[in-house]
Q: 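Once you've had a glance at the structure underneath, I'll fire off some questions.
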Amino acid sequence: MTNIQFPDTLKWGAATASYQIEGAADEGGRSPSIWDVFSHTPGKVKNGDTGDHACNSYHLYKEDVQLLRELGIDQYRFSISWSRVIPDGTGQLNKEGITYYRNLIQELIDNGIEPMITLYHWDLPQALQEAGGWEVREIVEAFQSYAETMFQEFGNKVKKWLTINEPWCASFLSNYLGIHAPGKTNLQTAVDVSHHLLLAHGKAVQSFRKIIPDGEIGYAPNVGWLEPYSPNQADVDACRRSMMWQKEWFMDPVFKGTYPETLVQLFAEHNAKLNVEEGDLAIISEPVDFMGINYYTGSLGRFKKGEGLFQVEEIPLDERRTDIDWPIYADGFYKVLTDIHQTYGDVPIYITENGACYNHGVEDGRVHDKDRIEYLKQHLTALHRALEAGVPIAGYIVWSLLDNFEWAEGYEKRFGIIHVNYATFERTKKDSYYWYKETVKNQGFHV
Ligand code: JJW
């Protein structure tokens, strides 16, 4: 038996996002977001699922906070639904929406849990999409104004903030691959969106410094790991290009004030131009307090002529996959963390998401999700190795507290450490919840 023991300073958390858990889509003065429109468009989400009711956390938030309290964690990461607090995207504030988040924040604090807010977890107000969405530069000002309002409303109680969740998903997955809202398939659009997301991030960080000087802010890029299939230069280069797309494209501008030239060229060869105005990169590289990393999966990458933008095909290391079909690659987590540390230096890192999809159901009041426990053990062991290698990891936040609306996959794919019955909204703690609770209490576990 090995003892995996974490430093006392490592913080523990659980994460959710507004559209995935709140429900109450047309209650309390909320207006539609791009995800309401997308999920109500036939064929976009599996089984025609929508976030209309989700986990009903809008009404059940007190119950959720009790689940968090019993779990014993330090932090709860949740997101604000922009269209719940500013239904038109800009202008008039919706008091009921503000009250909902104010109550949630107070409930967390009263139960000894530190709130961590994500400003943008993909649910752009539809009103703004109709004005061009992230594709047009005006969105940056709208986001900054929304961010400032949230900082002013909640900054006295909330000191940890994230601007943008998974900018790769919000740009390329949503506007080039067409898998997430708004479901476009245009590389130029995706490149423009990615730049505007980063610019909006930088502007929000600038505002943050003035409004919450004693707070900490970061963002949460998602990164997988691609390990070259062979030492052949073609495979090594293919992996490099693909990693650059997820990692350097969204991190170099923030931490180095540059875009990776190789990718700028590659996009240009596909007739997509990076439109950067003077001063943009200085704004984007406004220093952050920490970096959020979302890690789930990785594969081997092999050069394949004509395969996607980067001529790389992904080959799983072995048969092990979660129920969403993502290969399990815990060593990739270690590699991502040490690689980022090496490239970007000593910026503190929060694992803002890590977790696994397994669809176990309830049996006699229990959910025996030993596969999820195994996944968490493997990834926390990799994280422990990264800490020992000197990576400054400040916290680990599991995705997710609850089973929830898994975007284009709908409700079929379950990531929660708590099971949700979508007919009754009943919550049932899974075995992984009890395991995580013990791990948090002991600040470690045995393997
Ligand atoms: C799909 C790649 C096909 C969420 C995807 C890539 C397929 C050519 C989980 N993270 O629910 C989905 N999640 O809200 C944020 N992260 O398709 C939180 N990334 O290409 C979780 C990535 C994802 C994806 C899903």
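On a predicted model such as this, the values are computed, not experimentally measured, just so you know. Each ligand, and each atom within it, is numbered from 1 in the order the structure gives.
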Q: I'd like to know if E22 and R84 make a salt bridge, using a cut-off of under 4.0 Å between side-chain N and carboxylate O.
A: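 Judged by the 4.0 Å cut-off on N to carboxylate O distance, E22 and R84 do form a salt bridge.
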
Q: Please confirm whether F38 and W122 have ring centers closer than 6.0 angstrom.
A: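 Ring centres of W122 and F38 not closer than 6.0 Å.
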
Q: Closer than 4.0 angstrom, basic N to acidic O: yes or no for K335 and D331?
A: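 Salt bridge: yes.
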
Q: Any carboxylate oxygen within less than 4.0 angstrom of a Lys/Arg side-chain nitrogen, looking at D339 and K247?
A: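 Yes, D339 and K247 are salt-bridged.
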
Q: Strictly by salt bridge (charged side-chain N to carboxylate O under 4.0 Å, His left out), give each pair with a member in residues 417-433 just once, sequence neighbours left out.
A: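 Found D64-R427, E70-K429, R366-D431, D403-K430.
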
Q: List of N/O pairs, ligand 1 versus protein, all under 3.5 Å?
A:
| unit_1 | atom_1 | unit_2 | atom_2 | d |
| --- | --- | --- | --- | --- |
| ligand 1 | 10 (N) | E166 | OE1 | 3.1 |
| ligand 1 | 10 (N) | E166 | OE2 | 3.1 |
| ligand 1 | 10 (N) | E353 | OE1 | 2.8 |
| ligand 1 | 11 (O) | Q20 | NE2 | 2.9 |
| ligand 1 | 11 (O) | E406 | OE1 | 2.6 |
| ligand 1 | 11 (O) | W407 | NE1 | 3.2 |
| ligand 1 | 14 (O) | Q20 | OE1 | 2.6 |
| ligand 1 | 14 (O) | H121 | NE2 | 2.8 |
| ligand 1 | 14 (O) | W407 | NE1 | 2.9 |
| ligand 1 | 16 (N) | E166 | OE1 | 3.1 |

Q: Does the distance from a Lys or Arg side-chain N to an Asp or Glu carboxylate O, for R240 and E248, drop under 4.0 Å?
A: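 A salt bridge links R240 with E248.
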
